[in-house]
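Worksheet: the structure to be examined is printed underneath.
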Amino acid sequence: MDNQSCVKIINEWDIVSARQLGRNVAKELGFGTVDQARITTAISELARNIFLYAGQGQICIEKMYESGKVGLRIISIDKGPGISDIRQVMEDGYSTSGGLGAGLPGVKRLMDEFMIDSNPGEGTDIQATKWLR
Amino acid sequence: MTLNYIQTNKDAIFNEWVQRLKEQSDETVSNVILDQNFTIYSNELIELAILKISGSVDVYETRLEDFSDRVVRLGWPLRFVVNALDVLSDVIYECMVSDDYISRENQAEVMHDLNHWIKAMISEIINDYTTSWERTVSNQKIALQELSAPLIPIFEGITVMPLVGTIDTDRARQIMENLLQGAVKHRSEVVLIDITGVPVVDTMVAHHIIQAADAVHLIGAKCMLVGIRAEIAQTIVSLGIDLNRVITKNTLKAGVEAALEMTKRKIVPLEGQN
Ligand SMILES: Nc1ncnc2c1ncn2[C@@H]1O[C@H](COP(=O)(O)OP(=O)(O)OP(=O)(O)O)[C@@H](O)[C@H]1O
Ligand SMILES: [Mg+2]
């Protein structure tokens, strides 16, 4: 698929590659510097969560063209332990790793659309989209 | 016998070899051939082969090591060197054939010898080459580490840590260490962390900054975060990160002025000058 490119997240430096990919696509689609920063930060959060909690997975960046709108979708997929209480992890300040617990709720605020699908033992699938205005 | 042949026909073999390498239309190869050092180094490679074949082990080993080291530094691709040696063995054999040096009786022996030498040489070069590379990479790592979190005292009691580039876990730890050690060593009252050059400030980076600021407080100094670009300020707000415990300023300049004020000083123009 031409509209989608992916980066495998295995070590910490892959987070930087995923961010780089996202920034390049965002630039290409015409996002301004503030949105570029939002998108790369959101990628950084999702990729780091994969690295920290699932061990490995992948981040895909998809260019979206929908009824005249242009957008960028971040797809974060892993086959890690999954999340049992999604409502809880979406609360500001909830962290199982001593972090700030601002990652997931932050991604939701940084992007326009946010969807999370996770089953314990199966993994986590998150999609977040930013539309160009 | 093969050694004898190579020694007496060295120039002819060399010319044929270089000609053969030039005919390969590979881009990495032609870049190497255009290198001004190419003639010197390819000559050296042939001499190394002769040394190898003549069995002078000690001289050969030190010279090969030295050679690999320089070739790595010149940036010659390993692929080129390995291929060149392969071609060299072909050329030597073909030259021997056309000079009627090869007979039914010695054919097998010559081929076996050539193969044996060249293979051994290739594996030794690969070995040296990797060692050389590993040394280079580890030197660069050290160099990077030295650059990663510098602490600069700019006024009595005021210290700046300018950060440039991506912050990973290793670097975050280094920042914390240098910040605390340096603040104590320079008797800092105010420590400024400049993040103008940090491309992404995510929750991990923010968390480390907050922890660093708390630690600086504990040793009795104040921590100021400067160089927050507009887009970074916005993402920090969206992430919902509370930077209340850290003093923030837009620019390093504003930060230095505030730090001077906090230490009851200010910069004034000299009287009588305009
Ligand atoms: N991909 C994932 N797989 C399993 N658990 C996850 C995953 N992503 C997040 N979690 C869980 O959700 C919690 C909240 O994640 P969030 O990113 O919001 O905060 P954090 O990573 O703990 O801290 P911060 O991101 O602020 O540094 C995590 O502590 C972790 O338990
Ligand atoms: Mg997180």
Side-chain angles (χ1 to χ4, degrees), chain A residues 9 11-24 26-27 31-53 59 74 76 89-112 114 128 130, chain B residues 137-138 140-141 144-145 147-149 163-176 193 195-215 223 225 227-246 248 250-251:
Chain A
I9 307 296
N11 64 50
E12 205 180 355
W13 285 98
D14 296 328
I15 300 172
V16 181
S17 314
R19 273 182 350 208
Q20 202 63 44
L21 170 68
R23 191 184 292 278
N24 289 341
K27 255 189 214 160
F31 283 103
T33 45
V34 175
D35 278 342
Q36 281 176 32
R38 290 193 172 113
I39 289 165
T40 40
T41 308
I43 293 171
S44 197
E45 296 303 337
L46 296 175
R48 187 170 300 280
N49 281 355
I50 290 179
F51 172 69
L52 283 179
Y53 309 116
I59 295 280
I74 309 165
S76 159
V89 300
M90 292 310 295
E91 273 169 25
D92 274 302
Y94 176 81
S95 173
T96 55
S97 65
L100 292 176
L104 289 176
V107 171
K108 191 174 176 184
R109 283 188 293 262
L110 287 166
M111 305 292 282
D112 296 328
F114 183 88
K130 186 103 208 151
Chain B
V137 169
S138 99
Q140 283 176 345
K141 256 199 196 136
L144 254 180
Q145 220 161 39
L147 286 173
S148 78
L163 298 178
V164 177
T166 297
I167 296 174
D168 62 351
T169 325
D170 263 358
R171 202 170 165 208
R173 206 195 51 234
Q174 187 116 41
I175 290 170
M176 180 74 96
I193 303 177
I195 57 165
T196 313
V198 178
V200 174
V201 177
D202 56 11
T203 53
M204 193 271 270
V205 173
H207 194 194
H208 281 295
I209 289 173
I210 293 171
Q211 283 178 330
D214 285 348
C223 188
L225 188 63
I228 307 168
R229 302 192 304 277
E231 67 270 23
I232 300 291
Q234 294 214 33
T235 53
I236 290 178
V237 171
S238 298
L239 285 171
I241 294 167
D242 178 11
L243 284 180
N244 275 337
R245 278 180 288 171
V246 192
T248 57
N250 286 352
T251 62

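Order of the sequence lines sets the chain letters (A, B, ...), proteins ahead of strands, with each chain counted from 1. For the numbers below, each heavy atom of this structure counts, side chains included, while hydrogens, waters and symmetry mates do not. None of these values were measured; they are calculated from a predicted model.
Of the atoms belonging to A:Arg48, it is side-chain heavy atoms, and not backbone ones, that fall under 4.5 Å from chain B.
With chain B as partner, the option from A:Gly103, A:Ala102, A:Pro105 having the largest number of non-hydrogen pairs under 4.5 angstrom is A:Ala102. For chain B, the option among A:Arg23, A:Gln36, A:Glu45 with the highest count of heavy-atom pairs below 4.5 Å is A:Glu45. Considering only heavy-atom pairs separated by less than 4.5 Å from chain A, the leading option among B:Thr169, B:Ile241, B:Ile210 is B:Thr169. Ranked by heavy-atom pairs shorter than 4.5 Å toward chain A, the options B:Ile232, B:Val200, B:Asp170, B:Val205 are led by B:Val200.
For the residue pair A:Arg19 and A:Ser44, a side-chain donor N or O sits within less than 3.5 Å of a side-chain acceptor on the partner. Using modelled atom types and a 3.5 Å distance limit, the side chains of A:Thr96 and A:Tyr53 yield no donor-acceptor pair.
For A:Glu91, there are no salt bridge (charged side-chain N to carboxylate O under 4.0 Å, His left out) partners at least two apart in sequence or on another chain. For B:Arg171, the salt bridge (charged side-chain N to carboxylate O under 4.0 Å, His left out) criterion is met by no residue, not counting sequence neighbours.
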request  = Take B:Val164 and B:Val198 through the test side-chain contact (heavy atoms from CB on, under 4.5 Å) and record every step on the way to the result.
outcome  = CA-CA 5 Å; B:Val164 177; B:Val198 178; over 6 Å; no

